[in-house]
Number of protein chains: 2
Amino acid sequence: MTETRQRLIDGALETLRDKGMAATSARTIAAAASANQGLIFYHFGSVDQLIIEACRVSTEQRVQHYRQRFAAVGSLRELLGIGRELHATELAAGNVTVLAQVVAGAQQNEAFAAAGREAIEQWIAEIERVLRRLLRGSPIAPAVDQPGLARGIAAAFIGIELYDGVDAGGAQAALAALEQLSVLAEVLDDLGPVARRAVRSRVRKAQARTPGPRPAGAP
Amino acid sequence: MTETRQRLIDGALETLRDKGMAATSARTIAAAASANQGLIFYHFGSVDQLIIEACRVSTEQRVQHYRQRFAAVGSLRELLGIGRELHATELAAGNVTVLAQVVAGAQQNEAFAAAGREAIEQWIAEIERVLRRLLRGSPIAPAVDQPGLARGIAAAFIGIELYDGVDAGGAQAALAALEQLSVLAEVLDDLGPVARRAVRSRVRKAQARTPGPRPAGAP
DNA sequence: GTCTATAGAGGGATAGAC
DNA sequence: GTCTATCCCTCTATAGAC
């Protein structure tokens with residue numbers, strides 16, 4: 001990986017993060033990277049390919065960076081707490097803003113869609129691992145479709161990141177409110193066997209109402 | 001409102017929805033509207049202003065369209081069920097995809113940011129009204145910051161809408177999982193006074209841990 | 001109000017010198 | 001690998017005929 005190549009990737013990330021997809025062009029990226037515009041095409045073939053590569057690299061780094069933190073999470077509240085930390089640091093420095101731009105640009109662009117899917121899946125994998133660990137033996141486990149919830153959390157987070165660009169105070173309030181919701185999970189955990197029975201029965205009713213994909217092992 | 005004006009707004013919505021912000025230009029909009037490109041500037045002054053106006057009009061219509069449905073909601077599960085319905089119909093016909101594009105484009109554009117904020121706030125107002133009604137007297141009420149949660153739900157929904165463009169199956173799973181989570185709220189509602197006490201005590205502990213904005217009336 | 005034509009800026013991408 | 005120069009395209013926006 002040449003040094004110029006790296007500078008271009010950094011320049012692309014910086015431009016996407018600070019100015020958004022609309023203002024991200026070969027010229028603006030080259031300016032941010034203090035590099036020649038033509039080099040983008042020499043190294044990456046096209047602007048789109050550079051953006052995709054930048055998204056890939058940055059996701060890998062950021063997921064890596066948070067991996068140990070995810071591993072240390074011991075409760076749903078702490079998971080949502082990481083969400084807040086991620087929001088604070090990633091807004092300024094990070095990958096999630098870039099990812100949001102790529103995903104927004106993916107609606108008509110299959111290459112972006114593939115890149116966005118791959119990136120989101122990396123975050124999902126981490127979230128899913130934490131959820132599996134946290135919910136093992138919990139009374140609320142039957143009410144949680146872990147793969148689905150992990151996807152919901154990741155998507156919600158991207159939405160909040162975009163919402164922040166439009167109403168920063170609102171985004172803050174949203175994160176705080178979601179974090180506070182973990183109280184409900186804690187209460188149910190506290191209530192133990194009583195909760196377990198109630199959850200089981202409710203889940204059965206719910207599944208009868210809206211038949212959908214069931215957890216593996218269900219009839 | 002001239003007929004051409006209306007056609008241009010419809011053309012803008014159609015283009016944003018089907019091709020995304022990147023491919024939305026005076027020329028593509030005019031083509032979708034079967035109108036002359038120059039008329040955009042005659043009627044709206046600029047492409048951005050047309051997009052903003054289109055977002056405004058469409059949000060007003062769609063929120064209006066869902067208002068009675070929101071009013072009929074009797075449980076958290078039903079609220080999330082509307083989310084699914086909204087997802088299904090709005091993806092094809094609707095406003096939320098457009099809103100997501102505007103919000104994504106808002107990161108560097110103050111005019112888009114204002115338009116996005118205004119639009120989201122209309123959805124938030126509806127969600128907040130439903131939450132207030134549903135949570136009145138519920139044991140879980142103290143664990144819910146209603147304005148914050150309403151913002152979280154709206155932002156999460158936008159995120160899921162974008163995620164759909166990248167992984168439609170994943171978005172479906174996410175919505176289903178979130179809907180299923182309402183089981184937890186139902187269980188706590190069932191448990192009545194027991195749950196009420198547990199929630200109160202847990203909320204106090206949580207607030208001591210992370211001091212933040214409190215509900216009105218708190219010390 | 002609607003059309004054509006066009007100015008002028010900025011975009012992606014390439015050729016070819018170094 | 002890097003740089004300059006340039007082609008050709010699309011974009012916004014306007015001028016002016018109808």
Side-chain angles (χ1 to χ4, degrees), chain A residues 1-55 57 98 101-102 104-113 115, chain B residues 1-55 57 98 101-102 104-113 115:
Chain A
M1 165 105 70
T2 11
E3 192 240 330
T4 303
R5 219 185 122 88
Q6 185 60 52
R7 280 221 317 283
L8 286 171
I9 288 180
D10 292 342
L13 292 174
E14 181 188 324
T15 311
L16 273 174
R17 163 165 51 80
D18 296 347
K19 310 199 172 147
M21 187 66 88
T24 297
S25 70
R27 284 162 162 82
T28 55
I29 293 173
S34 305
N36 189 284
Q37 185 246 134
L39 292 176
I40 289 172
F41 303 94
Y42 174 78
H43 283 290
F44 299 94
S46 72
V47 174
D48 280 11
Q49 275 307 311
L50 165 53
I51 290 173
I52 286 167
E53 183 64 10
C55 179
V57 168
V98 170
Q101 288 296 314
V102 170
Q107 308 303 310
Q108 81 285 4
N109 181 327
E110 182 45 47
F112 278 7
Chain B
M1 167 102 71
T2 11
E3 192 239 331
T4 303
R5 219 184 123 88
Q6 185 60 52
R7 280 221 319 282
L8 286 171
I9 288 180
D10 292 342
L13 292 174
E14 181 188 324
T15 311
L16 274 174
R17 165 167 48 82
D18 296 347
K19 311 199 172 148
M21 186 66 86
T24 297
S25 69
R27 284 164 160 82
T28 55
I29 293 172
S34 304
N36 187 284
Q37 184 245 134
L39 292 176
I40 289 171
F41 302 93
Y42 174 79
H43 284 291
F44 300 93
S46 73
V47 174
D48 281 11
Q49 275 306 309
L50 164 55
I51 290 174
I52 286 167
E53 183 65 11
C55 179
V57 168
V98 170
Q101 289 296 313
V102 170
Q107 308 301 311
Q108 82 287 5
N109 182 328
E110 181 46 45
F112 278 7

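This is a predicted model, so every value here is computed, not measured. The sequence lines fix the lettering, A, B, ..., with proteins before strands; numbering per chain opens at 1.
C/dT14 atom P lies 15 Å from atom NE2 of A/His43, rounded to whole Å. Look at CD1 on A/Ile40: it is 13 Å from P on C/dT14, rounded to the nearest Å. C/dT2 atom C1' lies 11 Å from atom CG of B/Leu8, rounded to whole Å. Taking atom OH of residue B/Tyr42 and atom C1' of nucleotide C/dC3, one finds them 13 Å apart after rounding to whole Å. A/Ile29 places its CD1 atom 14 Å from the C1' atom of C/dA13, with the value rounded to the nearest Å.
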Distances for protein N or O near nucleotides 16-18 of chain D N or O, under 3.5 Å:
none

Taking only distance into account, with no hydrogens and no angle test, what donor-acceptor pairs under 3.5 Å do side-chain atoms of residues 25-43 of chain A form with protein atoms, sequence neighbours excluded?
from	atom 1	to	atom 2	distance (Å)
A/Ser25	OG	A/Arg27	N	3.4
A/Ser25	OG	A/Thr28	N	3.2
A/Ser25	OG	A/Thr28	OG1	3.3
A/Thr28	OG1	A/Ala23	O	3.0
A/Thr28	OG1	A/Ser25	N	2.8
A/Thr28	OG1	A/Ser25	O	3.0
A/Asn36	OD1	A/Gly38	N	2.8

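Using modelled atom types, one side-chain atom of A/Gln101 and one backbone atom of B/Ala104 make a donor-acceptor pair closer than 3.5 Å.
Using a 4.5 Å heavy-atom cutoff, the side chains of A/Met21 and A/Ile51 are in contact. No side-chain heavy atom of B/Ile52 sits less than 4.5 Å from a side-chain heavy atom of B/Phe44.
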- Task: Would you sort out whether A/Glu53 and A/Gln49 count as a side chain to side chain contact (heavy atoms under 4.5 Å, CB included), showing the intermediate values?
- Result: CA-CA 6 Å; A/Glu53 183 64 10; A/Gln49 275 307 311; 6.0 Å; no

- For each nucleotide in nucleotides 4-12 of chain C, reading 5' to 3', give B when a protein heavy atom comes within less than 4.0 Å of its base, S when such contact involves only the sugar-phosphate, and - otherwise. B------BB

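Under the rule for a side-chain contact (heavy atoms from CB on, under 4.5 Å), the partners of B/Ala54 that lie at least two apart in sequence or sit in another chain are B/Ile9, B/Ala12, B/Leu13. Not counting sequence neighbours, the partners of B/Asp10 by the side-chain hydrogen bond (donor to acceptor under 3.5 Å, both in side chains) test are B/Gln6. In terms of the side-chain hydrogen bond (donor to acceptor under 3.5 Å, both in side chains) criterion, A/Arg17 has no residue partners (sequence neighbours excluded). Under the rule for a side-chain hydrogen bond (donor to acceptor under 3.5 Å, both in side chains), the partners of B/Asp48 that lie at least two apart in sequence or sit in another chain are B/Asn109.
When all heavy atoms of B/Gln108 and A/Ala22 are compared, the closest pair comes out as NE2-CB, 3.6 Å.
Within residues 11-20 of chain B, no residue places a heavy atom under 4.0 Å from DNA chain C. Applying a 4.0 Å cut-off to non-hydrogen atoms, none of the residues of residues 104-112 of chain A approaches DNA chain D.
For DNA chain C, the stems formed by at least three consecutive Watson-Crick or G-U pairs, with both atom-pair distances below 3.5 Å, span C:1-18 with D:1-18.
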